[in-house]
Amino acid sequence: MLQNNLAKERKINKKIELLSIINQMTTGPKNIVQKEQIIIEAESKGFTEKEIESILAELKKDNIIYEPSPGYIKKK
């Protein structure tokens, strides 16, 4: 049970960290960033591409971000 809780906490921390990366990168006038740039930045911080894709899908499902056009991410 403790391991399960630690895994959930780690997942939440990764989600927050990726969202922080997105926040830093979407400071322009349109608040839009290329998905590829997010992947590159997140990988440099220790994320795997699989983790990134999974977290981005969760953030989309939670209506925190969306893709206004293919390959671009925007916060809601």
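Heavy-atom basis, side chains included; hydrogens, waters and symmetry copies ignored.
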- [ ] Take Ile73 and Met25 through the side chain to side chain contact (heavy atoms under 4.5 Å, CB included) test and state the conclusion after the steps.
- [x] CA-CA 10 Å; Ile73 301 291; Met25 298 180 85; over 6 Å; no
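- With contacts defined as side-chain heavy-atom distances shorter than 4.5 Å, the pair Glu17/Asn13 does not qualify.
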Task: Stepwise side chain to side chain contact (heavy atoms under 4.5 Å, CB included) test for Ser54 and Glu51 - done: CA-CA 5 Å; Ser54 173; Glu51 271 181 323; 5.7 Å; no
Could you list the donor-acceptor pairs under 3.5 angstrom formed between side-chain atoms of residues 58-68 and any protein atom two or more places apart in sequence or on another chain?
from: Glu58; atom 1: OE1; to: Lys15; atom 2: NZ; distance (Å): 3.4
from: Glu58; atom 1: OE2; to: Lys11; atom 2: NZ; distance (Å): 3.3
from: Lys60; atom 1: NZ; to: Glu67; atom 2: OE2; distance (Å): 2.4
from: Asp62; atom 1: OD2; to: Lys15; atom 2: NZ; distance (Å): 2.7
from: Glu67; atom 1: OE1; to: Gly71; atom 2: N; distance (Å): 3.1

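- Between the NZ atom of Lys45 and the CD atom of Glu41 there is a distance of 4.5 Å, given to the nearest 0.5 Å.
- For the atom pair Glu43 CD and Ile52 CD1, the distance stands at 4.5 Å (nearest 0.5 Å).
- For the atom pair CG (Asn31) and NZ (Lys76), the distance works out to 14.0 Å, reported to the nearest 0.5 Å.
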- [ ] Take Lys74 and Thr26 through the side chain to side chain contact (heavy atoms under 4.5 Å, CB included) test and state the conclusion after the steps.
- [x] CA-CA 7 Å; Lys74 187 171 184 171; Thr26 55; over 6 Å; no
Open item on the list: Checking Leu56 against Ile22 for the side chain to side chain contact (heavy atoms under 4.5 Å, CB included) test, could you report, in this order, the C-alpha distance in whole Å, the side-chain angles of both residues, the deciding distance, and whether it holds?
Closed with: CA-CA 10 Å; Leu56 287 175; Ile22 293 169; 3.8 Å; yes
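- The line from CG of Leu18 to CD1 of Ile38 is 7.0 Å long, rounded to the nearest 0.5 Å.
- In terms of hydrophobic clustering, with Ile, Leu, Val, Met, Phe, Trp and Tyr side chains grouped at heavy-atom distances under 4.5 Å, Leu19 and Val33 are assigned to a common cluster.
- Taking the ring axis of Phe47 as reference, the NZ or CZ atom of Lys14 stays within 45° of it and closer than 6.0 Å to the ring centre.
- Note that OH of Tyr72 is 8.5 Å distant from CD of Gln37, once rounded to the nearest 0.5 Å.
- Rounded to the nearest 0.5 angstrom, Leu2 CG and Leu6 CG are separated by 4.5 Å.
- Residues Gln34 and Ile39 form no side-chain contact, since every pair of their non-hydrogen atoms from C-beta on lies 4.5 Å or further apart.
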